> 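Okay, here's the structure, questions in a sec.
No experiment lies behind these values; they were computed from the predicted model shown.
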Amino acid sequence: MAHKRRIVVAALGAGALAVTMAACGGNDDSGGGGASGGSGDAWILGTTDTVTALDPAGSYDLGSSTLEYNLYQTLVTVPPNSTDIVGDAAESCDYDDPKTLTCKLKPGLKFSNGDDLTSSDVKYSFERSIKIQDPNGAAIYLLGSITDTDKKGVVTLNDGAIDTPDDTTVVFHLDHPDTTFQYVLTYPGAAAIVDEDVFPADTKLDDDKIIGSGPYKLSQYKAGDQAVLELNGDYTGDNTGGASQVYVKYYKEPSALKLAVQNGEVDVAWRSLAPTDVSDLKEDDNVTVASGKGAEIRYWTWKVDGPVGKNLAIRQAVAQLYDRDAIASKAYDGTVDPLYSIVPPGFGGQTDSFQAQYGDPSVDKAKQILQQAGIKTPVDLTVGWTPTHYGPAAEDEANEFERQLNDSGLFNVTLKSTEWEQYQTIYKQGAYDVWMLGWFPDYPDADDYLSPFIVDGGFFQNGYTNKTVDKLVAQEQGSSDQAEREKIFGQLQDITAQDVPLMPSWVGLNTAVYGAGMNGVEDTLDPSFIFRFWLVTKNS
């Protein structure tokens with residue numbers, strides 16, 4: 001019997017179904033960039049993030065989505081520092097019942113090449129993402145309410161899942177009651193709308209050829225070097241950009257990015273500077289270091305169906321040894337906080353389950369766990385990390401992790417690093433026993449930190465399965481009772497701490513550094529980690 005992949009997004013607050021249906025009818029002043037647009041000078045964003053793909057069918061990472069949020073429209077979106085769903089390409093998305101969501105498109109939508117955007121393009125966008133089946137794409141992991149997955153892992157769109165009765169209406173028929181599906185429609189990796197006359201049905205489009213209907217369009221792109229965005233003259237939405245052009249420059253080394261923002265070579269440095277660099281820049285009067293509420297986390301993932309990770313006692317012993325305070329202070333210079341649940345503090349239902357389960361780091365307790373399971377020590381362990389994608393402190397964290405395990409005398413760690421594009425493929429193939437990953441929320445809800453990780457092996461395909469987890473996730477995703485959902489969130493976090501399919505490490509803020517004349521940067525520094533180019537302007 002085929003199994004379902006659950007979606008990874010959930011409703012916010014009690015009575016979320018009614019509230020968000022009402023909120024979806026129009027946009028919000030906090031998201032708009034002004035009707036005129038283009039009056040500000042061109043500005044430059046510097047980043048060390050890497051882009052996996054600009055075709056939404058092939059991406060599920062921050063570097064890619066940073067551009068995609070500005071180049072494409074989704075049916076609905078979440079404004080900065082808000083938990084409301086508002087219209088983007090849609091003027092409304094309403095639940096007819098818990099299994100039927102109907103979206104009405106705004107009139108006069110066009111892609112940046114002048115083609116009309118209709119309901120046919122919306123349906124095509126979902127169909128092609130599922131058909132392409134890119135393992136680095138988001139659709140096959142996030143669209144579980146309208147797809148099915150067979151025993152070989154092949155994902156297919158359910159028959160009749162999407163109807164388009166006319167050019168401006170899209171109806172989603174979900175395969176189970178799910179009041180949370182509306183949130184997955186806000187994430188471009190799963191729900192960006194593409195032009196069916198431009199994007200091929202069965203393969204990704206080259207990055208430099210993509211077009212969308214967002215506030216900006218791509219005029220130049222060279223992987224790893226630079227992207228140039230300019231205002232989309234055919235854009236009819238509420239988020240018109242304030243600058244005529246935005247340049248994105250990609251840096252391999254955070255030290256180079258630090259110098260670039262100090263010397264005025266970039267106007268904004270965002271993602272990722274070394275903690276010590278941020279501290280230094282706070283003393284530089286020529287730049288401003290700004291931080292918004294952050295929900296960035298770092299964590300370690302186990303290959304639960306691997307030769308080492310399949311042993312629960314080994315996973316629990318590592319969790320018993322892990323010293324988060326040492327990671328925060330030694331690897332990150334105190335700029336992050338220890339994290340004791342995969343769900344960060346501040347989210348409804350959050351509980352520090354790993355602290356409750358393991359208490360303080362203890363070699364003796366870890367040794368006892370292994371001895372009771374009859375495991376000979378030291379245990380050989382291959383630990384993976386990626387050197388550029390998560391910034392320079394990632395190496396420091398990996399080294400500190402290695403030191404903690406080796407110093408216990410219970411483990412013999414081999415560290416291996418690979419650059420991001422290959423890393424996100426080979427970790428799924430079993431290259432490591434345990435490996436480092438990070439997460440930036442698609443929207444602020446505890447489900448976004450649970451179901452993507454612990455249902456059907458998660459998006460990282462680590463082999464973890466638990467029928468109780470599957471049942472609990474289905475219950476909370478189908479409920480609009482926030483008290484019930486938060487109770488379930490606590491149960492899921494406790495199970496995660498007991499089973500250790502992954503291990504949380506730390507949580508950090510959303511930080512950017514910008515130079516003189518820049519406006520609007522701080523407006524987009526929220527927990528979503530969406531950098532909204534349309535909010536930012538530069539005045540000479």
> What is the minimum heavy-atom distance between A53 and E68, and which atoms define it?
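Smallest interatomic distance, heavy atoms only, reads O-OE2, 3.3 Å.
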> Ring centroid separation for W439 and F459, is it under 6.0 angstrom?
yes
> Quick check against the 3.5 Å criterion: does R128 have a side-chain atom that pairs as donor or acceptor with the backbone of F126?
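Answer holds: no.
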> Starting from the C-alpha separation in whole Å, work towards a yes-or-no answer on side chain to side chain donor-acceptor pair (under 3.5 Å) for E419 and T388.
CA-CA 7 Å; E419 286 296 345; T388 304; 2.9 Å; yes
> Any idea which heavy atoms bring D325 and P338 closest together, and the distance?
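That would be OD1-CG, 3.1 Å.
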> What closest approach, in Å, do N232 and G212 show between heavy atoms, and which atom pair accounts for it?
ND2-O, 4.3 Å
> Can you find a heavy atom in the side chain of D323 that is under 4.5 Å from one in the side chain of I327?
no
> Taking the inter-plane angle between the rings of Y332 and W506 on a 0 to 90° scale, is it parallel (under 30°), tilted (30 to 60°) or perpendicular (over 60°)?
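The arrangement is tilted - the two ring planes meet at 30° to 60°.
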> How far apart are the C-alpha atoms of T511 and L525, what are their side-chain angles, what is the distance that settles it, and do they pass the side-chain contact (heavy atoms from CB on, under 4.5 Å) test?
CA-CA 7 Å; T511 299; L525 298 180; over 6 Å; no
> Please work out whether the ring planes of Y187 and Y69 are parallel, tilted or perpendicular, with thresholds of 30° and 60°.
perpendicular
> Does Y423 form a side-chain contact (heavy atoms from CB on, under 4.5 Å) with K416? I'd like the steps, not just the answer.
CA-CA 10 Å; Y423 184 75; K416 292 186 177 181; over 6 Å; no
> Residues two or more places apart in sequence or in another chain: which of them pass side-chain hydrogen bond (donor to acceptor under 3.5 Å, both in side chains) with S341?
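Expected list: Q493.
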> Determine, step by step, whether R324 and E397 satisfy the salt bridge (Lys or Arg N to Asp or Glu O under 4.0 Å) criterion, reporting the C-alpha distance in whole Å, the side-chain angles of both residues, the deciding distance to 0.1 Å, and the verdict.
CA-CA 10 Å; R324 293 166 178 81; E397 179 171 1; over 6 Å; no
> Looking only at heavy atoms, what is the nearest atom pair of A295 and P344, with distance?
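Shortest heavy-atom contact: O-CG, 4.3 Å.
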> As an exercise, state the distance from CG of L339 to CZ of F354, rounded to the nearest 0.5 Å.
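It comes to 9.5 Å.
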> Would you call P80 and D523 a side-chain contact if the rule is heavy atoms closer than 4.5 Å?
no
> Where is the tightest heavy-atom contact between H389 and D49, given as atom of each residue plus distance?
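Residues H389 and D49, closest heavy atoms: O-OD1, 3.9 Å.
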> Are any side-chain N or O atoms of N70 and backbone N or O atoms of F533, one a donor and one an acceptor, separated by less than 3.5 Å?
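Confirmed, N70 side chain pairs with F533 backbone.
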> With side chains defined as the heavy atoms from C-beta onward, is the minimum distance between C103 and L75 less than 4.5 Å?
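Yes; the side chains approach each other to less than 4.5 Å.
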> Find the distance between CG (D285) and CD (E283) and round it off to the nearest 0.5 Å.
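Taking CG in D285 and CD in E283, the distance rounds to 8.5 Å.
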> I'd like to check I297 versus V507 (side-chain heavy atoms, cut-off strictly below 4.5 Å). Are they in contact?
yes
> Under 3.5 Å, is there a donor-acceptor pair between the side chain of S125 and the main chain of V194?
yes
> May I have all residue pairs that pass side chain to side chain donor-acceptor pair (under 3.5 Å) and include part of residues 202-222, sequence neighbours excluded?
Q73-S213, D134-K204
> State whether the side chain of Q133 and the backbone N or O of I130 hold a donor-acceptor pair below 3.5 Å, judged by distance alone.
yes
> State, with a plain yes or no, whether a side-chain heavy atom of I211 is found less than 4.5 Å away from one of L218.
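They are not in side-chain contact.
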> Just so I know, are the side chains of Q262 and L281 near enough to count as touching, which here means a heavy-atom distance under 4.5 Å?
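In short, these two side chains touch, coming nearer than 4.5 Å.
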> Cationic tip of R298 within the cone over Y390's six-membered ring, i.e. under 6.0 Å and within 45° of the normal?
yes
> Give the intermediate values and the outcome of side-chain contact (heavy atoms from CB on, under 4.5 Å) for residues E127 and E196.
CA-CA 10 Å; E127 290 174 337; E196 63 183 327; over 6 Å; no
> How would you list, by chain and number, every residue that makes a salt bridge (Lys or Arg N to Asp or Glu O under 4.0 Å) with D121, sequence neighbours excluded?
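Expected list: none.
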> Apply side-chain contact (heavy atoms from CB on, under 4.5 Å) to residues D396 and E400 and explain how you reach the verdict.
CA-CA 6 Å; D396 297 329; E400 175 61 20; over 6 Å; no
> Distance-only criterion, 3.5 Å: show the donor-acceptor pairs between side-chain atoms of residues 246-261 and protein atoms not counting sequence neighbours.
from, atom 1, to, atom 2, distance (Å)
Y247, OH, Q245, OE1, 3.1
K258, NZ, D280, OD2, 3.1

> State whether the side chain of T77 and the backbone N or O of D88 hold a donor-acceptor pair below 3.5 Å, judged by distance alone.
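The answer is no, because no donor-acceptor pair under 3.5 Å joins these two groups.
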> F453 and Y299: aromatic ring centres closer than 6.0 Å?
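Between F453 and Y299, the centre distance is under 6.0 Å.
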> Does the gap between the ring centers of Y514 and W270 come in under 6.0 Å?
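No, ring centres 6.0 Å or more apart.
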> Evaluate the side-chain proximity of Y183 to D448: yes if any heavy-atom separation is below 4.5 Å, no if none is.
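A side-chain contact under 4.5 Å is absent here.
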> When you measure from the side chain of S59 to the backbone N and O of S64, does any donor-acceptor pair fall under 3.5 Å?
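No; judged by distance alone, with no hydrogens or angles, the pair does not exist.
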> Would you check if D267 and L45 make a side-chain contact, meaning some heavy-atom pair closer than 4.5 Å?
no
> For E395, does its backbone N or O pair with a side-chain atom of N399 as donor and acceptor, under 3.5 Å?
yes
> Compare every heavy atom of A331 with every heavy atom of P275, then report the nearest pair and how far apart it is.
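Shortest heavy-atom contact: CG-O, 4.4 Å.
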> Atom CG in L71, atom CZ in F111: separation rounded to 0.5 Å?
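Output value for this atom pair is 12.5 Å.
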> Of W435, F460, W385, which is the lone residue that meets ring-ring contact (aromatic ring centres under 6.0 Å, His included) with Y427?
W435
> Would you sort out whether D238 and K106 count as a salt bridge (Lys or Arg N to Asp or Glu O under 4.0 Å), showing the intermediate values?
CA-CA 11 Å; D238 301 312; K106 294 177 180 177; 3.1 Å; yes
> Drop me the distance from D94's CG to Q182's CD, to the nearest 0.5 angstrom.
9.5 Å
> Using side-chain hydrogen bond (donor to acceptor under 3.5 Å, both in side chains) as the criterion, list what pairs up with Y432, not counting sequence neighbours.
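T418.
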> If you measure only the distance, is there a donor-acceptor pair under 3.5 Å linking the side chains of T50 and E421?
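Side-chain D/A pair, T50 to E421: absent.
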> If you measure from CH2 on W300 to CE on M503, what distance do you get to the nearest 0.5 Å?
7.5 Å
> State whether a side-chain donor-acceptor pair under 3.5 Å links S528 with D526.
yes
> Any donor and acceptor pair, going by atom type alone, linking the side chain of T48 with main-chain N or O of S272 inside 3.5 Å?
yes
> Once rounded to the nearest 0.5 Å, what's the spacing between atom CG of D195 and atom CD1 of I210?
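Here the interatomic distance stands at 11.5 Å.
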> Mind checking what makes side-chain hydrogen bond (donor to acceptor under 3.5 Å, both in side chains) contact with D352, not counting sequence neighbours?
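Scan of D352 (side-chain hydrogen bond (donor to acceptor under 3.5 Å, both in side chains), adjacent residues dropped) gives Q350.
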> Donor-acceptor pair, distance only, cut-off 3.5 Å: does the side chain of Y124 make one with the backbone of S119?
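Not a single qualifying donor-acceptor pair exists.
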> Can a donor-acceptor pair be found between the side chains of D333 and T276 at a distance below 3.5 Å?
no
> Distance-only, no hydrogens or angles: does the D116 side chain make a donor-acceptor pair with backbone N or O of K110 under 3.5 Å?
no
